[in-house]
Amino acid sequence: MLVRFWGTRGSIPVALTSADIRRKIESALSLAISKGVDSPEKLRSFLNDDLFFSGAQTYGGHSPCVEIETGCQEYLVCDMGSGARVFGSRIMSERNSVPIVVNVLMSHVHWDHIMGFPFFAPAYVRGTIIRIFGCHDVLEQAFRMQQSAPCFPVEFSTLAADIQFVKLQPRASVEIAGFHVTPKLQRHTGESYGYRFERDGKAVVYSTDSEHKLEDSAETEAFVEFFRNADLVIFDAMYSLLDAVSVKEDWGHSSNIVGVELAQLASVKHLCMFHHEPSFNDERIESVLNETIRFEELIRNGEPLKISAAFDGMEIEV
Ligand SMILES: [Zn+2]
Ligand SMILES: [Zn+2]
């Protein structure tokens with residue numbers, strides 16, 4: 001299974017500013033001077049070995065959209081945040097004579113998770129089939145509302161694609177594009193749903209916009225079962241622990257610390273932190289990642305858990 005991240009930011013898309021880029025260049029060049037980089041060869045090894053991710057790259061700013069490659073003609077994607085615009089461009093560039101079929105699994109319909117759909121180019125192509133799966137009664141209404149006057153110029157009803165809405169039931173598994181898919185109810189304002197994808201003995205869990213209260217042992221146990229032995233869990237780690245237990249308690253999101261605890265209890269192999277806080281810059285996300293890795297080492301009581309922070313364009317093979 002190959003998982004590709006088109007959007008990883010929570011709540012609202014963000015962009016690097018001119019000042020951010022200048023700051024990255026200044027700190028990279030200062031470090032290069034201190035390392036005595038004075039030839040193209042030294043520059044290449046400096047870029048590969050000495051520069052931190054936040055110094056050379058960016059986590060990006062699109063809101064949630066995560067593709068799981070199917071290996072067949074159909075596409076499979078979780079959520080239609082602003083990353084869906086770029087995902088749609090990729091689909092159009094790969095287009096051949098076969099009609100496009102896209103299966104969308106919706107965690108919920110908060111705006112950051114649907115805002116890319118009006119800019120999803122395949123929706124404007126006749127012959128395209130888009131199946132939008134979800135557990136909410138308001139699924140179709142939300143997609144139609146965001147494209148209605150006076151807020152958007154193109155009415156949903158004028159889209160050329162055949163767009164179908166398919167209601168799923170929590171805990172009731174279905175087969176979609178070759179995957180065994182199981183939805184799970186999560187704690188979030190207006191409710192959200194996580195999805196467990198299984199195929200060929202591998203399992204990937206997409207679990208965003210989910211607040212965990214570890215004092216509720218029945219709920220914790222249900223999530224441990226949902227994550228059990230997964231090769232990859234994409235986890236809402238929007239806040240640091242301090243945020244999660246103080247001002248932002250009950251805001252519907254979770255922390256890196258809770259993510260590690262649940263993943264260890266469930267013997268997960270790889271925890272990928274996702275739905276990054278929009279006010280965090282690249283250095284802050286990287287420092288949260290490093291803290292999380294240290295925390296995991298401290299409380300480890302079994303196999304090591306791999307931990308990463310998702311970035312736009314990231315691919316994970318499981
Ligand atoms: Zn969200
Ligand atoms: Zn939400």
Checking side-chain polar atoms at under 3.5 Å, does Ser279 have a donor or acceptor matched by the opposite partner on Glu277? yes

Quick check on the hydrophobic clustering: are Leu232 and Tyr193 connected, directly or via other members, by side-chain heavy-atom contacts under 4.5 Å? yes

Measure the acute angle between the ring planes of Tyr59 and Phe311, then classify it against the limits of 30° and 60° as parallel, tilted or perpendicular. perpendicular

Tracing side-chain contacts under 4.5 Å among Ile, Leu, Val, Met, Phe, Trp and Tyr outward from Ile129 reaches Val101

Do Asp282 and Ser54 have a side chain donor and acceptor closer than 3.5 Å? no

Take atom CZ in Arg171; do more than 12 heavy atoms of anything else shown fall under 6.0 Å from it? no

Under a 3.5 Å threshold, yes or no: a donor from one side chain and an acceptor from the other, between Ser63 and His113? no

Side chains of Glu175 and His180 only: does a donor on one sit below 3.5 Å from an acceptor on the other? yes

Indicate whether the side chain of His110 and that of Asp209 have a donor and an acceptor atom separated by less than 3.5 Å. no

Judged by atom type as modelled, is there a donor-acceptor pair below 3.5 Å linking the side chain of Ser192 to the main-chain atoms of His188? no

Between Val260 and Leu214, is there shared hydrophobic-cluster membership here, with clusters defined by ILVMFWY side-chain heavy atoms closer than 4.5 Å? yes

Side chains of Glu296 and Gln264: do they bring a donor and an acceptor to under 3.5 Å? yes

Under the rule for side-chain contact (heavy atoms from CB on, under 4.5 Å), what residues qualify as partners of Ala263, not counting sequence neighbours? Val268, Leu271, Leu305

Would you say the side-chain atoms of Ser148 and Glu155 include a donor-acceptor pair closer than 3.5 Å? no

Donor-acceptor pair, side chain of Lys35 and main chain of Asp50, under 3.5 angstrom: no

